[in-house]
Amino acid sequence: MPELPEIEVLKRSLKKKLKFQRILKIKVYNKNLRYKFSNSISKNLNKRIIHDVTRISKYLVIHFNFSKKLLVHLGMSGTIHILDKKNKRSNASFYSSAFLPKKHNHIVFFFNNSTKMVYNDPRRFGYFKLLNSNYLFKKPFSCLGPDPLSYNFNYNYVKNFISSRKINLKKLLMDQKFVSGIGNIYANEILYSCKLKPIKTVDFLSKKNILDIIYQSKKVLNKAIKYGGSSIKNFVDDEGNTGIFQQKFNVYGKINEKCPRYGCPGYIKKIIISNRSSFYCPKCQV
DNA sequence: AAGAGGCCCTGATAGC
DNA sequence: TGCTATCAGGGCCTCT
């Protein structure tokens, strides 16, 4: 699930729990992530103090008391867990699954306040990478579109981007060069909120449609952040306030269920658009 | 050069 | 119960 809202929630947790903590040790159980977790990462980060944690799109950037940054990307299945000294998961600071899984804990960071940060990732599509201070001008950041929550994601920008293109709305919202941070789940939910069907192409958009896409993108993502992001599987929350947005999905995964829009007689349909599942209501999304 | 498709990898689930 | 097939939230690369 790691899309923008989940990374934003994780960022806030990490900031709260790890800011000004010193890394004492990094244990690597499996370095074979999407890119190898190299020895130089461990060497560079040893004894460094975390000064800040920021988010760009679906990426986390950890800042230290020296010029290099640590880029973290969770891929499709990565999760981060903070454990306290009794090895108990600390309440407000985890992402996506309630308990530390037994398998696939690949990287463990040890901190001087006796907490541990564990990186778990069954599919190993995620990765860690050291960045230099000019990182914003290099890949992957140099080719990302604006953050959907930022002012740069506005009517003129969208209008200009889609001019002379022929692409469907689902692909558009998931194109990180267009807008960065929206993935499959939220693309489906945003288009439902706009009453626009995912296969509609951008050349048929009215001004009102464009304004709506911008407004609903911000609204859906902000709401997801407010609810602590989404978790599809095995989610149990002992505080009742983290990661429950999946209960609020209108269309994602709701195949053959009745459309939740008041008065709409439609049933949610699933179609495949460029190899990804798309869910929508054929009655109210036109 | 925009856009489509394959692929990296493991686990959960469905169907037989 | 145990096999096989299918599908999964991302993004990079290659091909047309």
Side-chain angles (χ1 to χ4, degrees), chain A residues 1-10 29-37 55-60 71-80 95-97 99 101-107 119-129 138-145 148 160-191 198-203 220-221 224-225 227-235 243-249 251-256 270-279:
Chain A
M1 305 63 351
E3 297 183 37
L4 185 152
E6 290 73 37
I7 305 302
E8 178 63 26
V9 171
L10 174 61
Y29 293 96
N30 187 350
K31 63 182 173 190
N32 296 310
L33 305 180
R34 182 178 187 105
Y35 307 118
K36 273 202 168 50
F37 192 100
R55 175 189 66 76
I56 301 174
S57 179
K58 300 169 193 170
Y59 301 85
L60 275 178
L71 169 64
V72 186
H73 194 284
L74 301 182
M76 290 255 235
S77 57
T79 53
I80 283 178
Y95 164 63
S96 157
S97 120
F99 305 102
K102 291 201 170 69
K103 292 174 77 177
H104 309 298
N105 293 317
H106 305 310
I107 317 280
Y119 179 72
N120 182 285
D121 190 354
R123 293 171 74 180
R124 289 188 276 118
F125 283 5
Y127 65 93
F128 293 75
K129 199 175 170 186
K138 300 207 163 186
K139 273 191 170 183
F141 301 117
S142 56
C143 36
L144 289 179
N160 185 45
F161 188 97
I162 64 175
S163 72
S164 74
R165 278 180 205 245
K166 201 176 167 79
I167 181 180
N168 64 58
L169 293 176
K170 181 73 185 319
K171 280 216 87 170
L172 179 76
L173 283 181
M174 290 185 62
D175 180 355
Q176 304 300 300
K177 292 191 200 80
F178 169 61
V179 62
S180 63
I182 297 173
N184 199 30
I185 291 178
Y186 293 105
N188 281 304
E189 293 297 318
I190 290 165
L191 290 174
I199 47 169
K200 191 184 181 90
T201 50
V202 295
D203 44 338
V220 168
L221 295 171
I225 292 169
Y227 284 102
S230 313
S231 313
I232 303 300
K233 287 169 187 161
N234 300 327
F235 183 79
I244 57 165
F245 189 74
Q246 67 276 16
Q247 297 167 13
K248 313 266 175 195
F249 289 163
V251 285
Y252 184 80
K254 305 282 188 185
I255 183 166
N256 293 334
K270 175 181 163 178
I271 56 171
I272 303 295
I273 299 175
S274 43
N275 275 331
R276 293 238 124 97
S277 301
S278 299
F279 300 89

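Chain letters run A, B, ... following the sequence lines, proteins first, then strands; residues in each count from 1.
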Handout entry: Pairing partner (Watson-Crick or G-U wobble, both distances under 3.5 angstrom) of B:dA2
Key = C:dT16

Problem - Between C:dG10 (P) and A:Leu144 (CG): distance, integer Å - result: 14 Å

Completion exercise
Interatomic distance, NZ@A:Lys177 vs CG@A:Leu172, rounded to 0.5 Å, equals 12.0 Å

Practice task
Decide yes or no for A:Tyr186 and A:Glu6: does some side-chain heavy atom of the first lie under 4.5 Å from some side-chain heavy atom of the second?
Solution key: yes

Handout entry: Nucleotide B:dA2, atom C1' - distance to CG of A:Leu172 in whole Å
Key = 13 Å

Practice task
Establish, from distance only, whether the side-chain atoms of A:Ser77 and A:Asp121 form a donor-acceptor pair under 3.5 Å.
Solution key: yes

Problem - Between B:dA1 and C:dG11 - P atom distance, rounded Å - result: 24 Å

Handout entry: Nearest-Å distance for atom pair CD/C1', residues A:Gln176 and C:dC13
Key = 16 Å

Exercise for the section: Whole angstrom is fine here: how far is it from CD1 in A:Ile273 over to P in B:dG5? Expected result: 12 Å

Problem - OP1 or OP2 of B:dA4 under 4.0 Å from side-chain N/O of A:Lys171 - result: yes

Exercise for the section: Rounded to the nearest 0.5 Å, what's the gap from OG on A:Ser180 to CG on A:Leu4? Could you check? Expected result: 7.5 Å

Handout entry: Closest nucleotide among C:dG11, B:dG3, C:dC13 to the A:Ile167 side chain
Key = B:dG3

Fill in the blank from the handout: Taken to the nearest whole Å, CD1/A:Ile56 to C1'/C:dG11 is 16 Å

Exercise for the section: Report the relative orientation of the aromatic rings in A:Tyr252 and A:Phe279; use parallel for angles under 30°, tilted for 30 to 60°, perpendicular for over 60°. Expected result: perpendicular

Completion exercise
To the nearest angstrom, the CG-C1' distance between A:Leu173 and B:dG3 comes to 16 Å

Exercise for the section: Can you tell me the distance, in whole Å, between the NZ atom of A:Lys270 and the P atom of C:dC7? Expected result: 6 Å

Exercise for the section: Please work out if A:Tyr127 contacts a base, only the sugar-phosphate, or nothing of the nucleic acid, heavy-atom cut-off 4.0 Å. Expected result: nothing

Problem - Nearest-angstrom distance from the residue atom CZ of A:Arg276 to P of B:dG5 - result: 13 Å

Handout entry: Distance below 4.0 Å between A:Asn275 side-chain N/O and B:dG6 OP1 or OP2
Key = yes

Exercise for the section: Identify whether NZ of Lys or CZ of Arg in A:Arg55 sits under 6.0 Å from the centre of the six-membered ring of A:Tyr59 and within 45° of that ring's axis. Expected result: no

Practice task
Remember a base hit wins even if backbone is also touched, and classify A:Tyr35 as base, sugar-phosphate or nothing at under 4.0 Å, heavy atoms.
Solution key: sugar-phosphate

Under 3.5 Å between N/O atoms: give me all the protein pairs with nucleotides 8-10 of chain B, atom names plus distance.
from	atom 1	to	atom 2	distance (Å)
B:dC9	O3'	A:Arg124	NH2	2.8
B:dC9	O2	A:Arg123	NE	3.1
B:dT10	OP1	A:Arg124	NH2	2.7
B:dT10	O4'	A:Pro122	O	3.4
B:dT10	O3'	A:His104	NE2	3.2

Completion exercise
CG (A:Asp175) and CD1 (A:Ile182) are apart, to the nearest 0.5 Å, by 10.5 Å

